[in-house]
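Below is one structure, written out as structure tokens, with a few remarks after it.
Chain identifiers are assigned alphabetically (A, B, ...) following the order of the sequence lines, protein sequences preceding nucleic acid strands; residue numbering begins at 1 within each chain.
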Amino acid sequence: MCGRFALRTPTLQMLEIFNLVEMPALAPRYNIAPTQLVICIRSVAEDPKSREVVQMKWGLIPFWAKDIAIGNQMINARAETVAEKPAFRAAFAKRRCLIPADGFLEWQKLSTGKKQPWLMEMAEQQPFAMAGLWEYWTPKGDSTAKPVVSCSIITTSANEDMSVLHDRMPVILPIEAWATWLSPTANATQCTALLKSLENGQLTKTCVSTKVNRPFPDNAQCLQPVDPPEPLTKPMAEEG
DNA sequence: CCAGACGTTGTT
DNA sequence: GTCTGG
DNA sequence: CCAGACGTTGTT
DNA sequence: GTCTGG
């Protein structure tokens with residue numbers, strides 16, 4: 001799954017990789033947590049072939065939600081059901097986005113009960129694009145309020161690289177898939193076909209400081225490599 | 001008809 | 001907004 | 001995802 | 001144990 005990630009890539013490199021005209025200069029992020037603002041890339045409404053960067057609240061608030069806090073539980077959407085679930089289907093049909101990252105975190109449960117974070121990265125810390133959805137929400141009865149724009153990260157079954165840590169992982173879209181995913185006119189079949197787990201052999205795992213366990217602070221020390229306190233072993237299969 | 005849910009993960 | 005359950 | 005709170009009344 | 005907030 002994906003409940004925490006990092007984006008440290010400099011702005012200039014982001015512009016090139018994601019083919020963006022402009023984006024706000026952003027400080028490197030080492031510890032991006034749910035409910036915070038995250039960077040999303042979406043197609044421009046008036047010109048769907050071009051892309052824009054928008055900051056959105058992580059945790060998709062369905063447009064019909066009565067309470068903004070519902071978004072706190074919508075940080076991920078399952079690829080298997082995203083097209084049908086009431087909370088996500090409208091966004092899946094029309095409001096898809098890329099959520100760039102250059103690392104995401106998964107926690108290993110130690111025999112002591114403590115939680116050991118591992119940082120998953122691509123070769124040379126290259127940034128990648130997670131498949132996302134976005135939505136806008138306005139508190140009911142308050143027409144003066146600005147809509148809240150929020151997003152969710154789609155998950156799928158874990159590949160072999162990930163399976164020692166979890167049975168789910170974020171959908172990472174290869175560059176060839178970006179245009180289709182962002183196209184507001186792509187159909188559901190095309191989009192669903194893109195929601196696969198990443199090919200094995202691309203993700204590295206680095207054991208990092210437990211400083212990243214707390215949603216605050218957000219600094220380089222959070223991702224400082226450390227020696228693994230216990231080896232990573234595949235969890236035993238459930239007994240039958 | 002109205003009321004109430006609408007989600008994922010992990011753990012048991 | 002839309003579906004499910006009562 | 002993890003961490004931290006989890007409550008009310010009355011008084012300042 | 002379970003919910004809320006970041």
Could Glu135(A) and Arg42(A) be called an ion pair, given the rule that one side-chain N must be under 4.0 Å from one carboxylate O? no
Give me the distance, rounded to whole Å, that separates dG7(B) from dA3(D) when you measure between the P atoms they each carry.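 My reading of the P atoms in dG7(B) and dA3(D) gives 27 Å.
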Rounded distance in Å between the P positions of dA5(B) and dA5(D):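 Their P atoms lie roughly 28 Å apart.
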Whether over 12 other heavy atoms sit under 6.0 Å from Glu199(A) CD: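 Atom CD in Glu199(A) is not packed in, count stays at 12 or less.
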Base, sugar-phosphate alone, or nothing: which one does [X] contact when heavy atoms must sit under 4.0 Å apart?
X: Pro34(A); result: base
X: Phe88(A); result: sugar-phosphate
X: Asn76(A); result: sugar-phosphate

dA3(D) P sits how many Å from Arg4(A) CZ, rounded?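 Distance check: Arg4(A) CZ to dA3(D) P gives 8 Å.
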Over 60° means perpendicular and under 30° means parallel, so classify the ring planes of Phe128(A) and Phe104(A), tilted if in between.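 Rings of Phe104(A) and Phe128(A): perpendicular, as their planes differ by over 60°.
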[X] side-chain N/O to [N] phosphate OP1/OP2 under 4.0 Å:
X: Thr81(A); N: dT8(B); result: yes
X: Arg214(A); N: dG4(D); result: yes
X: Asn213(A); N: dA3(D); result: yes
X: Lys115(A); N: dC2(D); result: yes
X: Lys85(A); N: dC3(C); result: no

